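Just so it is clear, the model here is predicted, and its values are computed rather than measured.
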Amino acid sequence: MSQQENENMKNDDLPKEDKNTSEIIASASKDITSEKNKESNEDESKENSFSDSEKSKQTTSEKEKYELENAMVDESETLGKSSETKEKEHELSKDQDLEDEEEETPVSTEKKSVQSEFEDSVAEDSEDETTTERHGIEKKDFHAMTKEALVAELEQLIKSQKIQAIKEHVEEIKAEFNAKFDEELEEKKEEFLADGGNIIDFHYSTPIKKEFNSIYFDYKEKRNKYYQQLKQDLNKNLNLRLEIIEELKGLLGVEENINTTYKHFKELQDKWRTAGAIPRDKYNTVWNTYHHHVENFYDFLHLNRDFRDMDFKHNLEQKLKIIDRAEELTLETDTNRALRELQMLHKMWKEELGPVAKEFRDDIWDRFSEATRKIHDLRQSYYDDLEKTFEKNLELKQEIIEKLKATAETNFSSHNQWQQKIKEIEVLRQSFFDAGKVPREKNEATWSAFKQVVRQFNRNKNAYYKSLKKEQYENLNKKKELIQIAEDNKDNEDLKATMPLMKKIQTDWKKVGHVPRKDSDKVWKQFKAACNHFFDKLHKSSNEENEEESKAFDQKKELLDSLKAMEFEGDKKKDLPKIKAAIEEWKNIGKVPYNKRFIEGKFNKVLDQLFSKLDVDHTKAEMMKYENKIQAINDSDDEKKLRNEHYFLSKKVEETKAEIRQLENNLQFFSNVDNDNPLVQAVHKNIAEHKEQLIIWKEKLQKVKSLY
């Protein structure tokens, strides 16, 4: 290069202290064009090829641009591009990198799109190399997780992973959590409106929602802080690299020993490799500028080709190794892993290695591009298979939606039916979430259809339970009335009389239907407390009575033994008063335990023996014994027993009268038979016995009536 040309290049450059970053990059880009126009005839064909390629890009039809951009956007998802990269993708595709400069013929649209994809992904990962760790973080099926599980997963990611590597994971978790919470929110809103609420008064939040918001806020704070620092570092590194480029340009006009210049060049290369990451939107331009000036320097070394050829040989060896590895990756079964490693190979090709001899450039680049295309095609095939799985998931989800729809369109008439269907709906909902992902273009419609049928079911359910509100409030009033009865009688001293009432209101309580849920526990606790208060008193009283009854049994046993041992003179006037006194004492002792009432029978048996010895009138003896029984009934204070005794005696009176009438009718058959006839005499005797028994039944009945 002539001295005059060096002077022109220097005059075109502004002082570094007067330039900002954008101006330096713009100036560097102009230098590429300016210096390329001054190359030798040997390089002129390469220059023309580069210019033709640029013109071809500018005159591409709208359809070709659309297809190219779509291909880049589709593949950006695979490589985890950010929204910022997508917006700048079309602009970046116009930047010509080192490999474009090396090729002498334009590449196909397909190759351009694949290559642009890798250029942009390399730019992104070079901006922050630690983000590549996101590929090693397991991406679980967030769609199938509950809200609680999503919160736990979000918290775990923030604690255990680098904040810049989990963006995709966090955003998917956020989308799934919000979708599930919004569904729950709609359901609660429907219930609120069904209960007569005003929409302006509706507010709904849950502890799990607050916890999610808090954790997500911490994530954003940490992420913003990280990227603020990263931005400062990237701009600092950018300025450093631009200074290196300026220093590299200055080597071309230096009048010094070529060995010293080459050593200085190697120092700049080492400094470039350790300069650090730069903003992704400046990446391709800065690297292309650097490589351009590196090539210029090698051309400058025409006075001593040994240095240049040595570097060309080294670069060729390393690039061939990269190509061999790329071709091996075409056999890799894990296409995701192959694509990530290929991305790193592109990064090494671009950042770590310089140019090779011109006679090898086309061949090695074609081999590398072909391996890249094959891996890209394998990746596309993988996604095609994945799309088929998504289609099957879509069919399954549509079947679930149809089942939900069938249930949602059916009206049920009982609480139990609705509760059963609520459980079935919940099972179907979980099955929907467990079914897996569907094609992206169908996701929104599928989710919308799912929410619609679930919302319809909830509306029908709320309408049914709203119709029950009136009945429930009526039931609440009934239960409050029973509570009032229980509380009014819980301290009643007449425990035996109150016990049937308390048992009855307990039975009535069970017959009353449901009350509003918010009142259910409260009224039940009130009723239960009043009933327990009464029955505790009753049990305490029963225990005291049991002690008295046991004591009464012991006393009656002693009295019975003494009555058996008592000596009678055989004189009715003297002995009968003793027996009456024993009967009176027996009555005054009181009741005995239920399982020991057999002692009453023993006492009556002893009385029968004594009355028989004293030849006491049968009727009188029966009534004396009956006094003991009627006293026991009276002491039991059991109205039912008294009614039963009254019924029994009334029936016996009527049966005895009927028997007497029948016997007297039978005597008419013996009208012509003498009264001395044994058969006639037997009938007369039977009639007399029944009449005597009738007198006893009547007296007993009269005695019972006197107790009312």
**Q** Does the separation of the ring centres of Phe433 and Phe450 fall below 6.0 angstrom?
**A** yes
**Q** Is it true that, when you exclude Lys403 itself, more than 12 heavy atoms of the residues, nucleotides or ligands shown sit nearer than 6.0 Å to its NZ?
**A** no
**Q** How close do Met502 and Cys531 get, heavy atom to heavy atom, and via which atoms?
**A**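 Closest pair (atom of Met502, atom of Cys531, distance): CE-CA, 4.0 Å.
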**Q** Rounded at 0.5 Å granularity, tell me how far NZ in Lys188 sits from OG1 in Thr206.
**A**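 The OG1 atom of Thr206 is 10.0 Å from NZ of Lys188, to the nearest 0.5 Å.
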**Q** Within the supplied structure, the quantity of interest is the number of heavy atoms (other residues, nucleotides, ligands) at a distance under 6.0 Å from Lys180 NZ; does it exceed 12?
**A**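 Counting neighbours around NZ of Lys180, more than 12 heavy atoms of other residues, nucleotides or ligands fall under 6.0 Å, so yes.
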**Q** Which pairs count as side-chain hydrogen bond (donor to acceptor under 3.5 Å, both in side chains) when at least one residue sits in residues 445-459, sequence neighbours excluded?
**A** Glu190-Arg459
**Q** Mind listing the closest non-hydrogen atom pair of Ser160 and Gln156 along with its distance?
**A**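 Result for this residue pair: OG-O, 2.7 Å.
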**Q** Do any side-chain atoms of residues 421-430 form donor-acceptor pairs under 3.5 angstrom with protein atoms, and if so which ones, sequence neighbours left out?
**A**
unit_1	atom_1	unit_2	atom_2	d
Lys421	NZ	Glu424	OE1	3.1
Glu426	OE1	Arg429	NH1	3.2
Glu426	OE2	Arg429	NH1	3.2
Arg429	NE	Glu183	OE2	2.9
Arg429	NH2	Glu183	OE1	2.7
Arg429	NH2	Glu183	OE2	3.1
Gln430	NE2	Asp434	OD1	3.2

**Q** Just verifying a value: how many Å separate Ile583 CD1 and Asn588 CG, rounded to the nearest 0.5 Å?
**A**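 One gets 12.0 Å once the value is rounded to the nearest 0.5 Å.
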**Q** Donor-acceptor pairs under 3.5 angstrom involving side-chain atoms of residues 504-529: please list them, not counting sequence neighbours.
**A**
unit_1	atom_1	unit_2	atom_2	d
Lys504	NZ	Asp508	OD2	3.0
Thr507	OG1	Lys503	O	3.1

**Q** Run the side chain to side chain contact (heavy atoms under 4.5 Å, CB included) test on Phe457 and Val454 for me, step by step, so that the C-alpha distance in whole Å, both residues' side-chain angles and the decisive distance to 0.1 Å come before the verdict.
**A** CA-CA 5 Å; Phe457 174 81; Val454 172; 5.7 Å; no
**Q** Can you tell me how the ring of Phe535 sits relative to the ring of His539, calling it parallel under 30°, perpendicular over 60° and tilted otherwise?
**A**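 The rings of Phe535 and His539 sit tilted, inter-plane angle from 30° to 60°.
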**Q** Is there a side chain to side chain contact (heavy atoms under 4.5 Å, CB included) between Tyr464 and Phe412? Walk through the geometry before answering.
**A** CA-CA 8 Å; Tyr464 169 78; Phe412 306 102; over 6 Å; no
**Q** Taking all heavy atoms of Lys442 and all of Leu394, pick out the closest pair and write down the distance.
**A** CG-CD2, 3.9 Å
**Q** Tell me whether the count of non-hydrogen atoms from other residues, nucleotides or ligands lying under 6.0 Å of NZ in Lys405 goes above 12.
**A** no
**Q** With a 6.0 Å cut-off (strictly less than), is the heavy-atom count around CZ of Phe598, excluding the residue itself, greater than 12?
**A** yes
**Q** With a 4.5 Å limit on heavy-atom distance, are the side chains of Lys174 and Phe212 in contact?
**A**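 Lys174 vs Phe212: side chains touch.
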**Q** So which heavy atom on Asn443 is nearest to which on Val438, and how close?
**A**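 Of all heavy-atom pairs spanning Asn443 and Val438, the closest is CA-CG2, 3.6 Å.
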**Q** Could you tell me whether a side-chain N or O of Asn460 sits under 3.5 Å from a main-chain N or O of Ala408, the two making a donor and an acceptor?
**A**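 Yes, because the side chain of Asn460 sits within donor-acceptor range (under 3.5 Å) of the backbone of Ala408.
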**Q** Is Lys490 close enough and on-axis enough to Phe534, meaning under 6.0 Å and within 45°, for cation-pi?
**A**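 Verdict for Phe534: no cation-pi partner in Lys490.
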**Q** Is there side-chain contact between Val151 and Phe177, with heavy atoms separated by less than 4.5 Å?
**A**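 Yes, their side chains come closer than 4.5 Å.
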**Q** What verdict does the salt bridge (Lys or Arg N to Asp or Glu O under 4.0 Å) test give for Glu402 and Lys397, after you've listed the backbone C-alpha separation in whole Å, the side-chain angles of each residue and the deciding distance to 0.1 Å?
**A** CA-CA 9 Å; Glu402 287 301 317; Lys397 286 195 171 185; over 6 Å; no
**Q** Are the side chains of Ile173 and Leu157 in contact, using a 4.5 Å heavy-atom criterion?
**A** yes
**Q** Taking Lys210's backbone N and O only, do any of them form a donor-acceptor pair with Ser214's side chain (distance below 3.5 Å, no angle check)?
**A** no
**Q** Is the closest basic N to carboxylate O distance between Glu171 and Lys167 below 4.0 Å?
**A**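 No, this pair does not count.
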**Q** Using every non-hydrogen atom in the two residues, find where Pro439 and Glu391 come nearest and quote the distance to one decimal.
**A** CG-OE2, 3.4 Å
**Q** What is the distance from atom CD1 of Ile208 to atom CG of Asn213, rounded to the nearest 0.5 Å?
**A**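 If I round to the nearest 0.5 Å, the distance is 10.5 Å.
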**Q** Mind running side chain to side chain contact (heavy atoms under 4.5 Å, CB included) on Glu387 and Phe390 for me, showing each step along the way?
**A** CA-CA 5 Å; Glu387 194 70 16; Phe390 290 168; 3.8 Å; yes
**Q** Between Tyr226 and Lys162, is a side chain to side chain contact (heavy atoms under 4.5 Å, CB included) present by the stated rule, with each step listed?
**A** CA-CA 10 Å; Tyr226 171 81; Lys162 292 182 178 180; over 6 Å; no
**Q** Determine whether more than 12 heavy atoms belonging to other residues, nucleotides or ligands lie under 6.0 Å from atom NZ of Lys437.
**A** no
**Q** Taking all non-hydrogen atoms of both residues into account, name the closest pair between Leu701 and Ser650 and its distance.
**A**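 Scanning both residues completely, I find the closest heavy atoms to be CD1-OG, 3.6 Å.
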**Q** Distance alone, cut at 3.5 Å: any donor-acceptor contact between the side chains of Trp586 and Glu600?
**A**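 Looking only at side-chain atoms, Glu600 and Trp586 do form a donor-acceptor pair, the distance falling under 3.5 Å.
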**Q** Just so I know, are the side chains of Leu150 and Phe142 near enough to count as touching, which here means a heavy-atom distance under 4.5 Å?
**A**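 Yes, at least one pair of side-chain atoms sits under 4.5 Å.
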**Q** Working to the nearest 0.5 angstrom, can you tell me the gap between Lys461 NZ and Gln419 CD?
**A**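 Between atom NZ of Lys461 and atom CD of Gln419 there are 8.5 Å.
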**Q** Contact between Glu184 and Lys189 at the side-chain level, heavy atoms closer than 4.5 Å - yes or no?
**A** no
**Q** Counting only heavy atoms not in Tyr204, do more than 12 sit closer than 6.0 Å to its OH atom?
**A** yes
**Q** Ignoring hydrogens and angles, tell me if any N or O in the side chain of His690 forms a donor-acceptor pair with the backbone of Asn686 under 3.5 Å.
**A** yes
**Q** Say whether Gln228 and Asn224, considering side chains only, have a donor N or O and an acceptor N or O under 3.5 Å apart.
**A** no
**Q** Taking atom NZ of Lys478 and atom CG of Asn475, what is their separation to the nearest 0.5 Å?
**A**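 Atom-to-atom, Lys478:NZ and Asn475:CG are 5.5 Å apart.
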**Q** Taking the side chain as everything from C-beta on, heavy atoms only, tell me whether Tyr219 gets closer than 4.5 Å to Ile166.
**A**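 Yes, close enough: below the 4.5 Å cut-off.
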**Q** Under 4.0 Å between a Lys/Arg side-chain N and an Asp/Glu carboxylate O for Lys147 and Glu176?
**A**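 So Lys147 does not pair with Glu176 through a salt bridge.
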**Q** Answer yes or no: is there a side-chain heavy-atom contact under 4.5 Å between Lys480 and Gln484?
**A**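 Side-chain contact under 4.5 Å: no.
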**Q** Within this structure, what is the CZ-NZ distance for the pair Phe603 and Lys556, rounded to the nearest 0.5 Å?
**A** 8.0 Å
**Q** Please examine the side chains of Asp491 and His533, heavy atoms only from C-beta on, and report whether any two atoms are closer than 4.5 Å.
**A** yes
